[in-house]
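Values below: all heavy atoms of this structure, side chains included; hydrogens, waters and symmetry mates excluded. Chain letters run A, B, ... following the sequence lines, proteins first, then strands; residues in each count from 1. Because the structure is predicted, anything quoted here is derived from the model rather than measured.
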2 protein chains.
Amino acid sequence: MDSGVKKPGVTSSQVAEHAGVSQSAVSRTFTPGASISSKTRQKVLASAKTLGYRPNAIARSLITNRSRIIAVVMAYLENLFYPDVLEELGRALAAENYHLLLFTGFMDRDSDPVFDQLMQYRVDGIILASTSLSSELSEECATAGIPVVLFNRTTGRDAVSSVTTRNREGGKRIAEFLVAGGHKSFGYIAGLENSSTNRDRFQGYSEGLAAHGHTSIAVETGNYSRIDAQDAARRMFARPNRPDALFVANDHMAVAVMDVARYEFGLQIPDDISIVGYDDVGPATWTSYGITSMSQPVKRMVEATVDILMDQIASGEIEAEHRILNGELIVRTSARLPATGIVVRDGQQIYRPKEA
Amino acid sequence: MDSGVKKPGVTSSQVAEHAGVSQSAVSRTFTPGASISSKTRQKVLASAKTLGYRPNAIARSLITNRSRIIAVVMAYLENLFYPDVLEELGRALAAENYHLLLFTGFMDRDSDPVFDQLMQYRVDGIILASTSLSSELSEECATAGIPVVLFNRTTGRDAVSSVTTRNREGGKRIAEFLVAGGHKSFGYIAGLENSSTNRDRFQGYSEGLAAHGHTSIAVETGNYSRIDAQDAARRMFARPNRPDALFVANDHMAVAVMDVARYEFGLQIPDDISIVGYDDVGPATWTSYGITSMSQPVKRMVEATVDILMDQIASGEIEAEHRILNGELIVRTSARLPATGIVVRDGQQIYRPKEA
DNA sequence: TACAAATTTGCATACGTATGCAAGATGATT
DNA sequence: AATCATCTTGCATACGTATGCAAATTTGTA
């Protein structure tokens, strides 16, 4: 039964009075690197403890023009890859004493309200980890002078920083792997059609196949969504000339595709059809699926992202920077094995054809 | 190649000057319900648009003592139930014009730093959706006068609000379902041992079984973690008297348990063993698993949570409130079916024994 | 038209902190 | 002991907005 009023909150002035020093002294006590003698510092800390004082981050932000808040925009969390990323981001940002303001669940082109919110909170940086978000948003932010990093995505004009993996090379390696496995007909379940990851992966895939004389690819679109992927799979498997090798643009869709293959079409994997995914995340690693998949190194991607942001915040320079990391083709049970090229590293089977 | 300085940011005074009015007028234009004529309002809005002005939420917070930020604390996102909750929370809070500050990835008892951060940002409310978080934290926040809601969790002393489902009744219904299915020996894969959900689910389960004369339950602990659940399953299935009915405390563990059962022990589900889970989330619904599971109505739980917070913020009264919602036992393929009691609602099979 | 009531406006101040500047305290060097 | 360099400290002010109060304006009424 508390009073109906709002919490009062102890201020630095109150601490100052209690400790018999100036408000400045209190401020300096809680400002790393400020000029303060250890004697008064101790006095202040003691008073602060007894009064239960904590610096008001809001007021601090107002004067320093730094909120120590990073906005993270993610269209959806249904794909476990993103929760994974989110958790790592939380860790990495906390380590830098930054905090994470999450925006999610609005995958329409109607990005303006989000942008408004971002601007209103004067966030110090923005991470766009959404494959389906208007790329105007990123430009808008950059124009406003706020560091932006595209996570797992790029835009055509590279005015804004990004962190990605070699999606094209990944698609190519998958093609080589499937060709080496002796497959003859190939399919592709696409992600969001206007996303850079989808474009790059498919480009690499088709280039890789073309290099071995395979120029025809059966394509259906799953939009990186489970439901759409199921429908795409149904169309794919109902084709008269069903492919015997299938690259699904991410693992999230791949598990849905595998369920359709097994339980709706009675297909044996990998005997009747080989399936390869992308991300190496969550269910892909479970025994039921065991998806052969190009990995994306989440931890290193997150490190790079935070690194770029911290750099730009510290320097004030917003020069676009592009970090491109390597993945590996993790070999499991969802696709037929080629005769050679599989090596073991860190207890995992990976595909590494000798490049010559 | 921008200048090295920080973004300037348009202020209300600049807008005021441009529009030929006072700063107060600008403020009132952006304050719903404030006293302002529509004529000056239009002038201000026009100037604001041309200058690209957006109210500074930080400065506003300082004076109103309201940050419009809700802190969400989640220990881990590995279990898809939580990303699901997170996405709904994002939606619900955005609808109320609140924002979501996410804290995650620190499941140690070392909660003090988190608490510090929360306090420093003067968040308007806190949602603790973490099963493994020190319950002291919640009391601390309540003491500080900040509304707190425990999500999917309670503490012994009900000084702090909570939103849960009827876990005990859920456990009981699962017991009845398995007994009605003709099972004779029963097991339980436990969640975190000191969590309220685990305690309540197990209590209901054992009460329900006891009511039919089954007093011995094989228990192993999976700590709501995938890895631990696998180990627990191995121990469980290696027992000489392996149970033929198994209640796994949540779906996240249940899928791991099913994989162990099928691929390490060669068990047929549900012929050799029936498995029932809890949450009705993610993989549980996939064909590969098809877990019979007690549902938790995420959407309604989130609504209740936000509702409680908004009430307490608006009124300033922090009277603990406990919302307890109902779930249903969704029947799929992971457990043997009882002869009666299964009804169809909304296209789903659920178990509803006639209570008499 | 005159006057009261209601509405709108600007002034001034407050929110809680950080920081440049000058004054004061301390220590080092001869 | 005297001079100078180095630290500490407090004062005053600024950050960008909201709001009580009184003055100014508009609206309504007789």
Side-chain angles (χ1 to χ4, degrees), chain A residues 5-45 47-48 51-69 97 116 119-124 144, chain B residues 5-45 47-48 51-69 116 119-124:
Chain A
V5 301
K6 183 95 174 157
K7 59 212 146 143
V10 184
T11 76
S12 58
S13 306
Q14 294 174 21
V15 175
E17 190 179 16
H18 184 275
V21 297
S22 73
Q23 181 266 329
S24 312
V26 178
S27 171
R28 286 193 246 264
T29 297
F30 290 93
T31 305
S35 171
I36 186 100
S37 75
S38 72
K39 201 175 62 176
T40 57
R41 184 186 162 76
Q42 297 310 325
K43 269 198 299 186
V44 170
L45 285 177
S47 296
L51 295 184
Y53 168 76
R54 292 168 214 276
N56 185 329
I58 300 289
R60 175 181 300 202
S61 298
L62 185 56
I63 188 105
T64 59
N65 211 18
R66 294 258 137 97
S67 60
R68 299 203 81 83
I69 292 179
N97 231 307
D116 259 25
M119 294 302 294
Q120 288 191 207
Y121 276 95
R122 302 297 197 266
V123 297
D124 289 344
Chain B
V5 301
K6 182 92 182 169
K7 61 212 142 141
V10 184
T11 75
S12 58
S13 306
Q14 294 174 22
V15 176
E17 190 179 17
H18 184 275
V21 297
S22 72
Q23 179 266 329
S24 312
V26 178
S27 170
R28 287 192 247 263
T29 297
F30 290 94
T31 304
S35 172
I36 186 102
S37 75
S38 71
K39 199 176 62 177
T40 57
R41 183 186 164 77
Q42 298 310 325
K43 270 199 298 186
V44 170
L45 285 177
S47 296
L51 295 184
Y53 168 77
R54 293 167 212 276
N56 184 328
I58 300 288
R60 175 181 301 204
S61 297
L62 185 57
I63 188 108
T64 59
N65 210 17
R66 293 257 138 98
S67 59
R68 299 201 81 83
I69 292 179
D116 260 25
M119 294 304 294
Q120 288 188 210
Y121 275 95
R122 304 296 198 264
V123 297
D124 289 344

Any [X] side-chain N or O less than 4.0 Å from OP1/OP2 of [N]:
X     : N      : answer
A:T11 : C:dG16 : no
B:S27 : D:dT17 : no
B:T64 : C:dC15 : no
B:T31 : D:dT17 : no
A:Y53 : C:dT17 : yes
B:S12 : D:dT17 : yes
B:S22 : C:dT9  : no

So does [Y] get a backbone contact from the side chain of [X], meaning a donor-acceptor N/O pair under 3.5 Å?
X     : Y     : answer
B:S12 : B:V26 : no
A:R68 : A:N97 : yes
B:T31 : B:A34 : no

Among A:V44, A:V15, A:T40, which one satisfies side-chain contact (heavy atoms from CB on, under 4.5 Å) with A:T29? A:V44
Rounded to whole angstrom units, what separation is found between the [atom1] atom of [X] and the [atom2] atom of [N]?
X      : N      : atom1 : atom2 : value
A:R54  : C:dT17 : CZ    : P     : 13 Å
B:R41  : C:dT8  : CZ    : P     : 12 Å
A:N56  : C:dG16 : CG    : P     : 7 Å
A:I58  : C:dA18 : CD1   : P     : 13 Å
B:R66  : D:dG16 : CZ    : P     : 24 Å
B:Q14  : D:dG16 : CD    : P     : 8 Å
B:Y121 : C:dT17 : OH    : C1'   : 14 Å
B:L62  : D:dG16 : CG    : C1'   : 9 Å

Within the 4.0 Å heavy-atom criterion, would you say [X] contacts the bases, only the backbone, or no part of the nucleic acid?
X     : answer
B:V21 : sugar-phosphate
B:S24 : base
B:S61 : nothing

Would one find more than 12 heavy atoms of other residues, nucleotides or ligands at under 6.0 Å from atom CD of B:E17? no
First encountered from the 5' end of DNA chain C, between B:G20 and A:S13: B:G20
Find the distance between OH (B:Y53) and OG (B:S13) and round it off to the nearest 0.5 Å. 8.5 Å
Let me spell it out: for each of A:Q23 and A:I36, pick the nucleotide of DNA chain D with the closest heavy atom. Which residue's pick is nearer the 5' end? A:I36
Contact nearer the 5' end of DNA chain D, comparing A:A34 with A:A59: A:A34
D:dG10 base / A:R28 side chain donor-acceptor hit below 3.5 Å: yes
